[in-house]
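Written out below as structure tokens is the structure these notes cover.
Just so you know, residue 1 is the first one in the sequence shown, and it goes up from there.
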Amino acid sequence: MDTVEEHPHSFLPGAWPFSEPINRLAYISVRALHGGDPVLQVFHDHDGDWQLLHGGATDEDDCKIICLGCAYERDSSIGILSGLPAGWAAYRESPDGPWRCEPYEDDDSEED
Ligand SMILES: [Zn+2]
């Protein structure tokens with residue numbers, strides 16, 4: 001499991017909802033990280049990685065590495081997805097909307 005260097009976060013350790021380390025490496029789309037777009041799509045990859053994307057993200061969108069703790073710090077509403085199994089994705093229409101979760105195909109084998 002990939003992690004980033006440990007660093008402080010503003011939430012209390014007891015508030016951490018995920019079973020994974022707080023400094024677990026995750027990917028976040030640049031528009032969600034710097035553009036102020038809310039995270040509307042979350043992928044828990046088949047290999048265990050987390051991807052946090054703004055709505056309508058495509059392969060063209062750049063992703064940056066973030067730590068899961070920083071992602072949670074930015075938007076604690078992703079905490080409810082801590083039980084999302086690997087190979088599942090979650091979507092919502094708006095930052096206040098309910099998450100809709102479903103498994104998705106592993107398309108790593110289709111990379112060209
Ligand atoms: Zn962090």
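At least one side-chain heavy atom of Ile65 sits under 4.5 Å from a side-chain heavy atom of Val4. In this structure, the side chains of Ser29 and Leu52 stay at 4.5 Å or more apart for every pair of heavy atoms. Inter-residue side-chain proximity for Arg92 and Pro98 is flagged as unmet; no heavy-atom pair is nearer than 4.5 Å.
Taking hydrophobic clusters as Ile, Leu, Val, Met, Phe, Trp and Tyr residues chained together by side-chain heavy-atom distances below 4.5 Å, Leu33 shares a cluster with Val42. Follow the hydrophobic side-chain contacts under 4.5 Å out from Trp88 and you reach Leu68 in the same cluster. Both Leu84 and Val39 belong to a common hydrophobic cluster when Ile, Leu, Val, Met, Phe, Trp and Tyr are linked at side-chain heavy-atom distances under 4.5 angstrom. Placement of Tyr72 and Phe43 in two distinct hydrophobic clusters is found when ILVMFWY residues are connected by side-chain heavy-atom separations under 4.5 Å, directly or transitively. Ile80 and Trp16 fall within the same hydrophobic cluster, where Ile, Leu, Val, Met, Phe, Trp and Tyr residues are linked whenever their side-chain heavy atoms come under 4.5 Å apart, directly or through other members.
Contact record, Asp106 with His46: N-NE2, 3.3 Å, taken as the closest heavy-atom pair. Annotation for Pro95 and Pro38: closest pair CG-CB, 3.4 Å, computed over non-hydrogen atoms. Nearest approach of His7 to Glu5, heavy atoms of both residues: ND1-O, 2.7 Å.
Put simply, the side chain of Arg74 gets close to the backbone of Ala32: a donor and an acceptor are under 3.5 Å apart.
Rounding to the nearest 0.5 angstrom, the gap separating the CD atom in Gln41 from the CD atom in Gln51 is 9.5 Å. Separating the CD1 atom in Ile28 from the SG atom in Cys67 is a distance of 10.5 Å, to the nearest 0.5 Å. Atom CG of Asn23 is separated from atom NE2 of His9 by 7.5 Å, given to the nearest 0.5 angstrom.
A salt bridge between Asp49 and Arg24 is present, with a side-chain N of the basic residue lying under 4.0 Å from a carboxylate O of the acidic one.
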Handout entry: side-chain contact (heavy atoms from CB on, under 4.5 Å) between Ile78 and Trp50, intermediate numbers included
Key = CA-CA 11 Å; Ile78 67 168; Trp50 290 87; over 6 Å; no

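Tyr27 and Asp62 share no side-chain donor-acceptor pair at under 3.5 Å.
For Glu73, the CD atom sits in a packed shell: over 12 heavy atoms of surrounding residues, nucleotides or ligands are nearer than 6.0 Å.
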